[in-house]
Enquirer: 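The structure that follows is given in the form of structure tokens.
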Amino acid sequence: MSIDNIIAEALAKAVKELYGLEVDPSKIQLQATRKEFEGNLTAMTFPWAKVARKSPEAVGQEIGDWLVANEPAVSRYNVIKGFLNIVVEPAFWSTVLAHIASEPHYGIKEATADSPLVMVEYSSPNTNKPLHLGHVRNNLLGYSLAEILKACGNRVVKTNIVNDRGIHICKSMLAWQKWGDGATPESTGQKGDHLIGDCYVAFDKHYKDELKQLEAQGMTEEQAKEASTLMKEAREMLIAWEKGDPDVRALWEKMNGWVYAGFDQTYRRMGVDFDKIYYESQTYLEGKEKVLEGLEKGLMYRKEDGSVWADLTAEGLDHKLLLRSDGTSVYMTQDIGTAKLRYQDYPIDKMIYVVGNEQNYHFQVLSLLLDRLGFKWGKDLVHFSYGMVNLPEGKMKSREGTVVDADDLMDEMVATARSVSDELGKLDGCSAEEVASITEMVGLGALKYFLLKVDPRKDMTFNPKESIDFNGNTGPFIQYTYARIRSVLRKAEEAGMKMEGYLGVAPGEREITLIQRLADFPSVVEEAGRTYSPALIANYTYDLVKLYNQFYHDCAILKEEDEGVRSLRLSLSKETAAVVKTAMGLLGIQVPERM
């Protein structure tokens with residue numbers, strides 16, 4: 001049982017005995033005492049003052065006296081207005097540490113067959129270009145959120161919806177036919193997603209050149225777009241695809257295959273995965289069917305031109321197009337189709353879409369439509385809306401080919417990690433294999449941590465140079481501290497030092513602060529899951545590591561002569577390392593055993 005639970009139960013007993021009031025211990029809120037006051041935990045006495053018919057200060061005094069007399073974990077107390085600051089008996093903290101050490105998966109709740117089933121959708125790439133920096137933030141947030149929800153005891157399905165159909169896909173296909181010279185990933189040595197991305201950029205370049213030529217002949221911009229033979233060919237290819245033309249479909253499958261192989265390579269290196277991947281080419285017709293079913297039931301309406309709409313004015317929104325007059329579907333319809341297939345595949349209790357904040361309105365509408373169409377989780381779907389990520393130089397643009405490519409970014413981060421580590425001598429004495437492994441961990445850890453430590457709802461600027469710093473709120477700082485702790489533990493093991501036998505030892509101030517922060521970990525994980533915020537885990541880990549470094553600086557560990565104190569400090573180091581590893585794992589970040 002944690003110290004918070006012990007104190008909460010003691011407070012409930014005190015209130016019952018002193019004032020005859022039944023209080024649920026789980027409803028008693030305890031906070032870490034503010035630094036300017038003496039104490040470890042603080043409880044508010046305002047809720048009980050009315051029943052006691054006494055001032056909050058008097059209630060605090062009475063409850064404090066009761067705790068000192070009846071709860072061995074409480075040493076003393078002080079009251080500041082309506083706040084009861086409780087000082088925990090120093091020797092009791094060694095019991096708290098022993099409890100933490102006894103938990104094989106401390107801070108993590110195991111799911112059961114009855115746990116809620118949560119589906120998290122993230123990534124959602126297009127098959128006409130490689131993944132870029134924006135996708136990196138999306139993937140890292142989605143993966144981390146899924147891991148945090150798992151740690152909170154949910155069953156989780158990680159899913160991806162690939163946008164593999166539409167005019168943008170046909171543009172890449174047409175460009176490959178016209179200017180690709182039969183290039184393949186094998187013949188060029190280029191990743192398939194990069195090869196197809198180059199085709200997409202090539203189409204845009206030739207299309208712009210064609211528009212310039214038409215405008216030079218006296219056409220307006222709109223007339224030139226209307227007269228474009230390139231765009232006409234792309235549209236014709238899309239129609240042929242929708243009709244199932246075997247040649248177009250064969251080319252589509254071949255080029256998409258190249259892209260998927262490239263995506264898989266990027267996902268593996270990024271450390272993200274999926275339990276199920278859906279493809280829009282398989283879901284868009286399902287959505288059309290579901291909308292027509294809703295039309296028959298009177299949930300939608302048809303206009304004179306044949307288009308199908310949903311009237312959302314009663315919900316404070318407008319009318320939403322679901323099927324065009326030619327019967328083709330829009331993105332909303334495709335999302336309905338994907339939802340239908342997912343619900344057939346899994347008995348989902350909650351659906352979370354990890355998509356940028358520019359789609360806020362889309363998901364507001366989708367929630368209403370899914371609820372209207374009978375999906376039980378539709379009304380409560382969660383749009384995990386996150387802000388955009390930019391570079392110090394400004395926003396990224398994809399069509400001009402100036403997008404910050406995910407593969408290039410990861411290469412750059414690892415190279416920078418190598419350079420900085422060499423400069424600081426962090427890898428002296430490591431083998432070439434160890435250097436490669438550690439710099440990969442540090443480079444990608446820096447990238448992931450920098451993107452995840454920020455409140456996901458905020459726009460952010462990613463600065464590669466700032467992210468790889470062995471001091472401050474960065475991934476490498478945390479990784480280096482972890483490696484330092486592991487080094488201490490290895491030396492202790494080699495010297496035959498024990499980590500048991502410290503029960504009853506009274507820790508000092510530095511140790512108590514660190515134990516108390518370790519004790520907070522389960523509630524931090526729970527809060528991160530409740531608020532969908534990997535940033536809470538990131539910043540908790542940084543805070544924990546800072547506290548450990550203060551403890552490491554002020555307290556002898558291996559050189560401590562008192563065996564009980566040394567055992568406590570070694571155990572404290574071991575549990576700190578374990579929590580750091582678990583917490584960083586929830587962010588998808590690996591930690592090196594040595595640096």
Enquirer: If you draw a 6.0 Å radius around CD in Glu563, do more than 12 non-hydrogen atoms from other residues or ligands fall strictly inside?
Expert: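 No, CD of Glu563 has 12 or fewer neighbouring heavy atoms, counting only those of other groups under 6.0 Å.
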Enquirer: Restricting to non-hydrogen atoms, name the atom on Leu141 and the atom on Pro456 that form the minimum distance, rounded to 0.1 Å.
Expert: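 Scanning both residues completely, I find the closest heavy atoms to be CD2-CB, 3.8 Å.
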Enquirer: Mind checking whether Phe462 and Phe450 have ring centres under 6.0 Å apart?
Expert: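 Ring centroids of Phe462 and Phe450 are less than 6.0 Å from each other.
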Enquirer: Ignoring hydrogens and angles, state whether a donor on the side chain of Ser115 or Asn154 is under 3.5 Å from an acceptor on the partner side chain.
Expert: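 Result is no, nothing qualifies.
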Enquirer: Is there a donor-acceptor contact under 3.5 Å from the side chain of Arg566 to the main chain of Glu560?
Expert: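 Side chain of Arg566 to backbone of Glu560, a donor-acceptor pair under 3.5 Å: yes, one is there.
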Enquirer: Could you report the tightest heavy-atom contact between Asn128 and Ser172, atom names first, then the distance?
Expert: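 Looking at all heavy atoms of both residues, the closest pair is CB-OG, 3.4 Å.
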Enquirer: Side chains of Asn139 and Ser123: any donor to acceptor distance under 3.5 Å?
Expert: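 Distance-only check passes for Ser123 and Asn139.
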Enquirer: Whether the Asp164 and Thr127 side chains hold a donor-acceptor pair (N or O, under 3.5 Å, no angle test) is what I'd like checked.
Expert: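 No pair is found: no donor N or O on one side chain lies under 3.5 Å from an acceptor on the other.
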Enquirer: Who passes ring pair (Phe, Tyr, Trp, His ring centres under 6.0 Å) against Tyr267, sequence neighbours left out?
Expert: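 Listed in chain order: Phe274.
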Enquirer: Please list, chain by chain and in numerical order, all residues satisfying ring pair (Phe, Tyr, Trp, His ring centres under 6.0 Å) with Tyr532, sequence neighbours excluded.
Expert: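 Result, ring pair (Phe, Tyr, Trp, His ring centres under 6.0 Å) vs Tyr532: none returned.
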Enquirer: For Arg137, check salt bridge (Lys or Arg N to Asp or Glu O under 4.0 Å) against everything at least two apart and list the hits.
Expert: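 Salt bridge (Lys or Arg N to Asp or Glu O under 4.0 Å) check on Arg137 returns nothing, list empty.
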Enquirer: Start with the C-alpha distance between Lys574 and Leu570, add both sets of side-chain angles, then the distance that settles side chain to side chain contact (heavy atoms under 4.5 Å, CB included), and finish with yes or no.
Expert: CA-CA 6 Å; Lys574 184 184 176 188; Leu570 283 169; over 6 Å; no
Enquirer: Using a 3.5 Å distance criterion without hydrogens, assess whether the side chain of Asp405 forms a donor-acceptor pair with backbone atoms of Asp407.
Expert: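 Judged by distance alone, yes, a pair lies under 3.5 Å.
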Enquirer: In terms of side-chain geometry, is the basic nitrogen of Arg510 or Asp554 positioned less than 4.0 Å from the acidic oxygen of its partner?
Expert: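 Salt bridge present between Arg510 and Asp554.
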Enquirer: Any chance CZ of Arg34 has more than 12 other-residue heavy atoms, nucleotides or ligands included, within less than 6.0 Å?
Expert: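 12 or below, so no.
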Enquirer: Under 4.0 Å between a side-chain nitrogen and a carboxylate oxygen: does that hold for Asp193 and Lys129?
Expert: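 The answer is no: the pair does not qualify as a salt bridge.
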Enquirer: Does anything in residues 441-454 pair up under side chain to side chain donor-acceptor pair (under 3.5 Å), and if so which pairs, sequence neighbours excluded?
Expert: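 Sorted pair list: Tyr449-Asn473.
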Enquirer: Any pair with a residue in residues 565-595 that passes ring-ring contact (aromatic ring centres under 6.0 Å, His included), sequence neighbours left out, goes on the list, sorted by first then second residue, please.
Expert: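 Found none.
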Enquirer: Should Thr42 and Ile86 be marked as a side chain to side chain contact (heavy atoms under 4.5 Å, CB included) after you check the CA-CA gap, both sets of side-chain angles, and the distance that decides it?
Expert: CA-CA 6 Å; Thr42 298; Ile86 298 162; over 6 Å; no
Enquirer: Between the side chain of Arg517 and the main-chain N/O of Asp543, is any donor-acceptor distance below 3.5 Å?
Expert: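 Not at all, since once roles are kept as given, no pair shorter than 3.5 Å links the two residues.
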Enquirer: Filter on ring-ring contact (aromatic ring centres under 6.0 Å, His included), then keep only pairs touching residues 476-498, sequence neighbours left out; what's left?
Expert: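 Every ring-ring contact (aromatic ring centres under 6.0 Å, His included) pair that includes a residue of residues 476-498, provided the two are not neighbours, is Phe477-Tyr542.
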Enquirer: Does Gln590 have any side-chain hydrogen bond (donor to acceptor under 3.5 Å, both in side chains) partners at least two apart in sequence or in another chain, and if so, which?
Expert: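 Expected list: none.
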Enquirer: I'd like to know if the side chain of Thr481 reaches the main chain of Val545, judged simply by a donor and an acceptor atom lying under 3.5 Å from each other, with no hydrogens or angles considered.
Expert: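 Looks like no, no N/O pair under 3.5 Å.
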Enquirer: Tell me if the centroids of the rings in Tyr353 and Phe384 come within less than 6.0 Å of each other.
Expert: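 Ring centres of Phe384 and Tyr353 not closer than 6.0 Å.
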Enquirer: Would you please name every residue forming a side-chain hydrogen bond (donor to acceptor under 3.5 Å, both in side chains) with Arg486, sequence neighbours left out?
Expert: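 Residues passing side-chain hydrogen bond (donor to acceptor under 3.5 Å, both in side chains) with Arg486: Glu593.
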Enquirer: For Ile100, is there any backbone N or O sitting under 3.5 Å from a side-chain donor or acceptor partner on Glu103?
Expert: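 Checking the backbone N and O of Ile100 against the side chain of Glu103, no donor-acceptor pair under 3.5 Å is found.
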Enquirer: Which pair of heavy atoms, one from Pro534 and one from Leu145, lies closest together, and at what distance?
Expert: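 Closest approach of Pro534 to Leu145: CG-N, 4.4 Å.
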Enquirer: Any donor-acceptor pair under 3.5 Å linking the side chain of Gln516 with the backbone of Asn40?
Expert: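 Yes: the side chain of Gln516 pairs with the backbone of Asn40.
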Enquirer: Ignoring hydrogens and angles, state whether a donor on the side chain of Thr416 or Ser419 is under 3.5 Å from an acceptor on the partner side chain.
Expert: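 No pair is found: no donor N or O on one side chain lies under 3.5 Å from an acceptor on the other.
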Enquirer: Should the pair Asp380-Lys350 be classified as a salt bridge under the 4.0 Å nitrogen-to-oxygen rule?
Expert: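 Judged by the 4.0 Å cut-off on N to carboxylate O distance, Asp380 and Lys350 do not form a salt bridge.
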Enquirer: Distance alone, cut at 3.5 Å: any donor-acceptor contact between the side chains of Arg484 and Asn549?
Expert: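 Yes, a side-chain donor-acceptor pair sits under 3.5 Å.
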Enquirer: Once side-chain hydrogen bond (donor to acceptor under 3.5 Å, both in side chains) is applied, do any residues pair with Glu527, and if so which ones, sequence neighbours excluded?
Expert: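 For Glu527 the side-chain hydrogen bond (donor to acceptor under 3.5 Å, both in side chains) partners, ignoring immediate neighbours, are Arg530.
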Enquirer: Main chain of Asp520, side chain of Ser523: is a donor-acceptor contact present, judged purely on distance under 3.5 Å?
Expert: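 Yes, the answer is positive, given that a donor and an acceptor are paired below the 3.5 Å cut-off.
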Enquirer: Kindly write out the residues that satisfy salt bridge (Lys or Arg N to Asp or Glu O under 4.0 Å) with Arg418, not counting sequence neighbours, or none if the list is empty.
Expert: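 Asp422.
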Enquirer: When you measure from the side chain of Asn138 to the backbone N and O of Val354, does any donor-acceptor pair fall under 3.5 Å?
Expert: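 Checked: pair present.
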Enquirer: How far does CZ of Arg569 sit from CD of Glu511, to the nearest 0.5 angstrom?
Expert: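 Reported to 0.5 Å precision, the distance equals 4.5 Å.
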Enquirer: Between Asn357 and His383, do the side chains contain a donor N or O and an acceptor N or O under 3.5 Å apart?
Expert: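 Distance-only check fails for His383 and Asn357.
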Enquirer: More than 12 heavy atoms of other residues, nucleotides or ligands under 6.0 Å from CD of Gln550: is that the case?
Expert: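 It does: Gln550 CD has more than 12 such atoms within range.
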Enquirer: If every non-hydrogen atom of Ala583 is compared with every non-hydrogen atom of Phe521, which pair is closest and at what distance?
Expert: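 Where Ala583 meets Phe521 most closely, the heavy atoms are CB-CE1, 3.9 Å.
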Enquirer: If we ignore hydrogens and angles and just use 3.5 Å, is the side chain of Thr541 paired with the main-chain N or O of Ile537 as donor and acceptor?
Expert: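 Indeed, once roles are kept as given, a pair shorter than 3.5 Å links the two residues.
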Enquirer: Kindly compute the distance separating NE2 (His135) from CG (Leu140), expressed to the nearest 0.5 Å.
Expert: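 Answer for the NE2-CG pair, His135 versus Leu140, is 12.5 Å.
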Enquirer: Using side chain to side chain contact (heavy atoms under 4.5 Å, CB included), reason through Val162 and Glu280 one step at a time and then give a plain yes or no.
Expert: CA-CA 6 Å; Val162 178; Glu280 287 198 6; over 6 Å; no
Enquirer: Using side-chain heavy atoms (C-beta onward) and a distance below 4.5 Å, is Leu117 in contact with Pro347?
Expert: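 Leu117 reaches Pro347 side chain to side chain.
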Enquirer: Between the side chains of Asp345 and Arg342, is the shortest nitrogen-to-carboxylate-oxygen separation below 4.0 Å, so that they form an ion pair?
Expert: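 Here Arg342 does not pair with Asp345 in a salt bridge, since their nearest N and O are not under 4.0 Å apart.
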Enquirer: May I ask you to check whether Thr184 and Ser187 show a side-chain donor-acceptor distance below 3.5 Å?
Expert: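 Yes, side-chain donor-acceptor contact under 3.5 Å.
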Enquirer: Pairing donors with acceptors under 3.5 angstrom, does anything connect the side chains of Tyr122 and Asn160?
Expert: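 No - no donor-acceptor pair under 3.5 Å links their side chains.
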Enquirer: Considering all heavy atoms of both residues, which atom of Pro507 and which atom of Trp93 are nearest to each other, and what is their separation?
Expert: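 In terms of heavy atoms, the two residues are closest at CG-CB, 3.8 Å.
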Enquirer: Do His362 and Asp335 have side chains that get closer than 4.5 Å, going by heavy atoms?
Expert: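 Of all side-chain heavy-atom pairs linking Asp335 with His362, at least one is under 4.5 Å.
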Enquirer: Is a side-chain donor or acceptor of His194 paired with a backbone partner of Lys191 at a separation under 3.5 angstrom?
Expert: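 Not confirmed, His194 side chain does not pair with Lys191 backbone.
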Enquirer: Going through the distances and angles, do Leu503 and Val505 end up as a side chain to side chain contact (heavy atoms under 4.5 Å, CB included)?
Expert: CA-CA 5 Å; Leu503 280 176; Val505 172; over 6 Å; no
Enquirer: Should we count CD of Glu433 as having more than 12 external heavy atoms under 6.0 Å?
Expert: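 At most 12 heavy atoms, drawn from other residues, nucleotides or ligands, come within 6.0 Å of this atom.
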Enquirer: Of all heavy-atom pairs between Pro90 and Ala506, which one has the smallest distance, and what is that distance?
Expert: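 Closest approach of Pro90 to Ala506: CB-CB, 4.0 Å.
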Enquirer: Inspect the contact between Asp411 and Arg269 and indicate whether a charged nitrogen and a carboxylate oxygen are less than 4.0 angstrom apart.
Expert: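 The answer is yes: the pair qualifies as a salt bridge.
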Enquirer: Going by the side chain to side chain donor-acceptor pair (under 3.5 Å) test, which pairs reach into residues 493-508, not counting sequence neighbours?
Expert: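 Matches after skipping sequence neighbours: Tyr502-Ser571.
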Enquirer: Identify, with sequence neighbours excluded, every residue that meets ring pair (Phe, Tyr, Trp, His ring centres under 6.0 Å) alongside Tyr260.
Expert: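 By the ring pair (Phe, Tyr, Trp, His ring centres under 6.0 Å) rule, Tyr260 matches Tyr279.
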